[in-house]
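Beneath this line is the structure, given in structure tokens, with notes to follow.
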Protein chains: 2
Amino acid sequence: MSSLQRPKGRATRAAILRKAADLASIEGLSGLTIGSLAAATGISKSGLFAHFGSKEDLQLAVIESAREVFEGRVVEAAGAKAPGLARLEGLVEAWTRYIESGVFRGGCFFAAVSAEFDDRPGRVRDRIAELTALWRGFLEEQAAQALARGQLAADSDPGQIAFELHAFLHEANRDFQLHGRVEAFERARGAIRCVFERVTSRSSQSTASGG
Amino acid sequence: MSSLQRPKGRATRAAILRKAADLASIEGLSGLTIGSLAAATGISKSGLFAHFGSKEDLQLAVIESAREVFEGRVVEAAGAKAPGLARLEGLVEAWTRYIESGVFRGGCFFAAVSAEFDDRPGRVRDRIAELTALWRGFLEEQAAQALARGQLAADSDPGQIAFELHAFLHEANRDFQLHGRVEAFERARGAIRCVFERVTSRSSQSTASGG
DNA sequence: CCTACCGATCGGTAGG
DNA sequence: CCTACCGATCGGTAGG
């Protein structure tokens with residue numbers, strides 16, 4: 001086999017990172033050791049160092065790999081919907097399905113690592129905080145769009161809506177991971193529906209017929 | 001086991017565990033190494049083994065120590081209120097203050113360790129799952145009491161109420177720990193108020209959706 | 001991407 | 001509760 005080393009190297013790297021993200025969703029980004037990743041991939045420890053340089057750089061690369069998965073499943077899926085209420089609902093439903101479908105073996109990668117790193121200063125924590133803020137910001141942004149388009153009650157608070165929706169998504173993830181409660185996803189969907197009903201209801205209900 | 005000991009031994013043990021719980025809320029129960037705890041307490045590694053036998057037994061002892069703190073701050077505080085709606089509101093407010101006041105340096109101990117252990121079978125995970133289920137069960141129990149006493153709308157779902165309240169408490173904890181957002185506690189209180197308004201309103205207007 | 005190796009630290013033990 | 005010690009594994013390096 002005469003080989004094009006560059007594309008192959010990139011594919012190898014991506015495969016390592018996808019496996020690493022799975023391991024990290026279970027054991028954490030600290031519990032993901034170079035040795036365990038070497039065993040899981042069949043690549044020697046020094047081979048992994050050749051790819052990633054250091055443990056911290058590996059952790060940062062794993063985060064980017066998981067980011068691509070999350071954005072592909074959630075952000076892009078909702079991008080097809082019209083900005084505002086429709087996209088907000090699409091975002092939340094895609095996010096629920098992302099958790100529910102068990103993309104990572106240990107549940108939502110970012111739920112796991114944000115709890116792990118929230119007290120440990122450094123580049124890893126900074127990047128995790130940046131991404132999770134960005135994504136909750138998407139919820140807020142679409143709520144603000146919906147408000148601007150008159151799709152929400154005038155006294156709605158986009159930040160508050162994002163807080164509540166985000167809370168339900170994470171509660172479903174925890175409930176499923178820790179207690180194996182599959183009904184958590186329906187609980188989350190019910191709670192989400194309640195929020196949407198509340199913020200879309202006009203203050204005067206006279207015109208509200210089923211629709 | 002060395003738990004049947006003289007008062008001084010028990011006091012030493014309790015002091016070690018309180019420090020260990022603080023460390024574990026930051027570094028996790030895995031990141032809490034015997035060596036680091038030895039350095040933090042000034043007791044030798046083998047001295048710690050004399051107290052706790054093994055790392056797993058230490059982890060389990062730390063969990064019980066953190067349980068006492070949580071129950072003292074939250075469960076007992078709410079026990080003064082009348083069963084039903086008052087106690088439910090007391091429980092949620094005490095829980096919010098427990099997180100807000102920074103009892104553990106790394107935020108809510110159980111939020112940290114439940115994310116850490118949700119995928120690792122064993123006694124540690126089992127105990128964490130048992131306790132967190134128990135406490136969310138308290139919320140549900142008081143919601144059921146409130147319903148039985150006619151303090152809630154007749155179509156209220158205690159399990160759903162507990163799900164939503166619990167979600168807000170954990171969202172506030174994460175928001176504060178990861179992003180330093182102190183306003184998260186007011187967001188949580190606002191969201192909680194909304195739930196109480198919804199479930200205590202006599203006319204249950206929420207199920208208006210057509211289909 | 002490999003073999004061979006490093007000092008530091010891990011959980012844990014012997015014996016007092 | 002201590003000193004002294006164990007084998008295994010940690011992140012990382014040398015040199016190819």
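Letters A, B, ... mirror the listed sequences (proteins, then strands); counts begin at 1.
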### Query
Can you tell me if CZ on B/Arg149 sees more than 12 non-hydrogen neighbours from other groups inside 6.0 Å?
yes
### Query
Which residues satisfy the ring pair (Phe, Tyr, Trp, His ring centres under 6.0 Å) test with A/Tyr98, sequence neighbours excluded?
A/Phe70
### Query
NZ of B/Lys55 versus P of C/dT13: gap in Å, rounded?
15 Å
### Message
Output the rounded distance in Å from CD1 (A/Ile34) to P (C/dC1).
### Response
14 Å
### Query
Which dot-bracket notation, 5' to 3', represents the base pairing of DNA chain D when pairs are defined as Watson-Crick or G-U with both distances under 3.5 Å, crossing pairs as [ ], and inter-strand pairs as |?
||||||||||||||||
### Summary
Expected list for residues 16-33 of chain B near DNA chain C, using heavy atoms below 4.0 Å, is B/Thr33
### Length of the CG-C1' vector between B/Asp57 and C/dG11, whole Å
13 Å
### 5' priority, DNA chain C, between B/Glu56 and A/His51 [closest heavy atom]
A/His51
### Message
Tell me whether B/Gln160 contacts the main-chain N or O of A/Arg187 through its side chain, where contact means a donor paired with an acceptor under 3.5 Å.
### Response
yes
### Message
Within residues 38-48 of chain A, which residues have any heavy atom lying less than 4.0 Å from an atom of DNA chain C?
### Response
A/Gly42, A/Ile43, A/Ser44, A/Ser46, A/Gly47
### Summary
ring pair (Phe, Tyr, Trp, His ring centres under 6.0 Å) filter on B/Phe185, not counting sequence neighbours, yields B/Phe176
Output side-chain donor-acceptor pairs under 3.5 Å for residues 75-89 of chain A, partner residues at least two apart or in another chain, one line each.
unit_1  : atom_1 : unit_2  : atom_2 : d
A/Arg87 : NE     : A/Lys81 : O      : 3.1
A/Arg87 : NH2    : A/Gly79 : O      : 3.4
A/Arg87 : NH2    : A/Lys81 : O      : 3.0

### Task
Would you please name every residue forming a ring pair (Phe, Tyr, Trp, His ring centres under 6.0 Å) with A/Phe109, sequence neighbours left out?
A/Phe104
### Message
Can you list everything that forms a salt bridge (charged side-chain N to carboxylate O under 4.0 Å, His left out) with A/Arg123? Sequence neighbours excluded, please.
### Response
A/Glu56, A/Asp57
### Task
For B/Arg127, check salt bridge (charged side-chain N to carboxylate O under 4.0 Å, His left out) against everything at least two apart and list the hits.
B/Glu64, B/Glu130
### Summary
Rounded to whole Å, CZ of B/Phe49 lies from C1' of C/dG15 at a distance of 16 Å
### Message
Please enumerate all residues that pass salt bridge (charged side-chain N to carboxylate O under 4.0 Å, His left out) together with A/Glu183, with sequence neighbours excluded.
### Response
none
### Query
Does A/His170 have any ring pair (Phe, Tyr, Trp, His ring centres under 6.0 Å) partners at least two apart in sequence or in another chain, and if so, which?
A/His166
### Query
With A/Arg120, which residues qualify under salt bridge (charged side-chain N to carboxylate O under 4.0 Å, His left out), at least two apart?
B/Glu27
